[in-house]
Amino acid sequence: MSSRKFFILFIACAAIPLVAAQLSLSMGWFQQGSTNKGQWLQHEIQLLPDASFPTANNADINVHWHLVYVQAAVCDQQCEQALFTLQQLYSAMGRKQLKIKPLVMAQQQPNQLNQFPAIGWRAEPDAASELQNQIVIVNQRGLVLLRYPVVDNPEQMRDLAKDIRTDLLRLINYDRSGA
């Protein structure tokens, strides 16, 4: 076999898979798989201060993840259901509770919060307006990663809690910042 023939065969063997991949993407034959259940944000939102640099008043040094419910204007039935879900998620994390902290962000501290001892409160920053009535997962640097819209139906909320737990456990397991 001549070197010219070998070179042509080599180029053809390399180009055919690339052309087939481009064709499948452009024709819509490939459906992307997704391992996460939540919605990734399209742009960065800094919701919390960066906790990777500990300060003197930073008591939660081991907390790497925050589950945050961004409350709408008033804490209604949907808000109470979201708070209950956050409390249940925190309880279901077992020994991994040390790595997460549930929070509610609102203009004023909701009265219902005293029923949920594990959930903290923080004043809502301006960046949270587009995340209202959603539960979000926030990393140690304060960036929102995944969001989950809160629904009215208790059965759908239970499924949403399972999805959040699955994604949060995956993030905790792959977290290298504490290692």
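Keep in mind that what you see is a predicted model, and the values were worked out from it rather than measured.
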Visitor: Is Gln108 atom CD crowded by more than 12 heavy atoms from other residues, nucleotides or ligands, each under 6.0 Å away?
Guide: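 No.
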Visitor: With a sphere of 6.0 Å drawn around CD of Glu80, does it hold more than 12 non-hydrogen atoms of other residues, nucleotides or ligands?
Guide: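 Yes.
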Visitor: Assess the residue pair Leu67 and Ile164 against the criterion (side-chain contact (heavy atoms from CB on, under 4.5 Å)); give the C-alpha distance rounded to whole Å, side-chain angles, the decisive distance to 0.1 Å, and a yes or no.
Guide: CA-CA 9 Å; Leu67 275 175; Ile164 294 171; 3.7 Å; yes
Visitor: Should Leu143 and Leu131 be counted in the same cluster of Ile, Leu, Val, Met, Phe, Trp and Tyr side chains packed under 4.5 Å apart?
Guide: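 No.
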Visitor: Distance check, rounded to the nearest 0.5 Å: Met105 atom CE versus Gln71 atom CD?
Guide: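 These two atoms lie 12.0 Å from each other.
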Visitor: Work out which heavy atom in Pro149 is nearest to a heavy atom in Gln134; give both atom names and the distance.
Guide: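 Shortest heavy-atom contact: CA-CG, 3.9 Å.
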Visitor: With distance as the sole test, does Gln46 use its side chain to make a donor-acceptor pair with the main-chain N or O of Arg141 at under 3.5 Å?
Guide: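 Yes; judged by distance alone, with no hydrogens or angles, the pair exists.
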Visitor: Stepwise, does the side-chain contact (heavy atoms from CB on, under 4.5 Å) test hold for Ile137 with Leu168?
Guide: CA-CA 8 Å; Ile137 296 177; Leu168 189 59; 4.1 Å; yes
Visitor: Once you round to the nearest 0.5 Å, how far does OG1 of Thr85 lie from NZ of Lys162?
Guide: 12.5 Å
Visitor: CD of Glu130 to CD of Gln132: how many Å apart, nearest 0.5 Å?
Guide: 10.5 Å
Visitor: Answer yes or no: are there more than 12 heavy-atom neighbours, outside Phe116 itself, under 6.0 Å from its atom CZ?
Guide: yes
Visitor: Among residues at least two apart in sequence or on other chains, which ones pass side chain to side chain donor-acceptor pair (under 3.5 Å) with Asn139?
Guide: none
Visitor: Apply side chain to side chain donor-acceptor pair (under 3.5 Å) to Gln39 and list each qualifying residue two or more places apart in sequence or on a separate chain.
Guide: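 Applying side chain to side chain donor-acceptor pair (under 3.5 Å) to Gln39 gives Arg147.
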Visitor: To check you understand the geometry: which heavy-atom pair defines the closest contact between Trp121 and Leu113, and what is its length?
Guide: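 Answer, listing the atom of Trp121 first, then Leu113: CB-CD2, 3.5 Å.
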Visitor: Report the C-alpha distance between Leu48 and His66 in whole Å, list the side-chain angles of each, state the deciding distance to 0.1 Å, and finish with yes or no for side-chain contact (heavy atoms from CB on, under 4.5 Å).
Guide: CA-CA 9 Å; Leu48 297 171; His66 288 87; 3.5 Å; yes
Visitor: Could you pull out all residues at least two apart from Arg170 that satisfy salt bridge (Lys or Arg N to Asp or Glu O under 4.0 Å)?
Guide: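 For Arg170, the residues satisfying salt bridge (Lys or Arg N to Asp or Glu O under 4.0 Å) (neighbours in sequence not counted) are Asp167.
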Visitor: Any chance you could measure Leu171, atom CG, to Trp65, atom CH2, to the nearest 0.5 Å?
Guide: 4.5 Å
Visitor: Grab the two heavy atoms, one from Ile119 and one from Leu83, that are nearest each other, plus how far apart they are.
Guide: CD1-O, 3.2 Å
Visitor: Could you report the tightest heavy-atom contact between Lys37 and Thr166, atom names first, then the distance?
Guide: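 Closest approach of Lys37 to Thr166, heavy atoms only: CE-CG2, 4.4 Å.
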Visitor: What pairs with Lys96 under side chain to side chain donor-acceptor pair (under 3.5 Å), at least two apart in sequence or on another chain?
Guide: Asn173
Visitor: With side-chain contact (heavy atoms from CB on, under 4.5 Å) as the criterion, how do Met93 and Arg165 come out once you've worked through the C-alpha distance, each side chain's angles and the decisive distance to 0.1 Å?
Guide: CA-CA 8 Å; Met93 294 306 287; Arg165 185 174 187 273; 4.1 Å; yes
Visitor: Let me have the donor-acceptor pairs involving side chains of residues 6-21, under 3.5 Å, with sequence neighbours excluded, atom names and distances please.
Guide:
none

Visitor: Side-chain donor-acceptor contacts of residues 150-161 below 3.5 Å, not counting sequence neighbours, with atom names and distances?
Guide:
residue: Asp152; atom: OD1; partner: Gln78; partner atom: NE2; Å: 3.4
residue: Asn153; atom: OD1; partner: Glu155; partner atom: N; Å: 3.1

Visitor: Which heavy atom of Tyr148 sits nearest a heavy atom of Gly38, and at what distance?
Guide: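 Closest approach of Tyr148 to Gly38: CE2-CA, 3.2 Å.
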Visitor: Testing the basics here: between Cys79 and Tyr69, what is the closest heavy-atom pair and its distance to 0.1 Å?
Guide: CA-OH, 3.6 Å
Visitor: Hey, what do you get for CG (Leu41) to CG (Leu47), rounding to the nearest 0.5 Å?
Guide: 10.0 Å
Visitor: Do Leu89 and Leu169 sit in the same hydrophobic cluster, where Ile, Leu, Val, Met, Phe, Trp and Tyr count as joined when their side-chain heavy atoms come under 4.5 Å apart?
Guide: yes
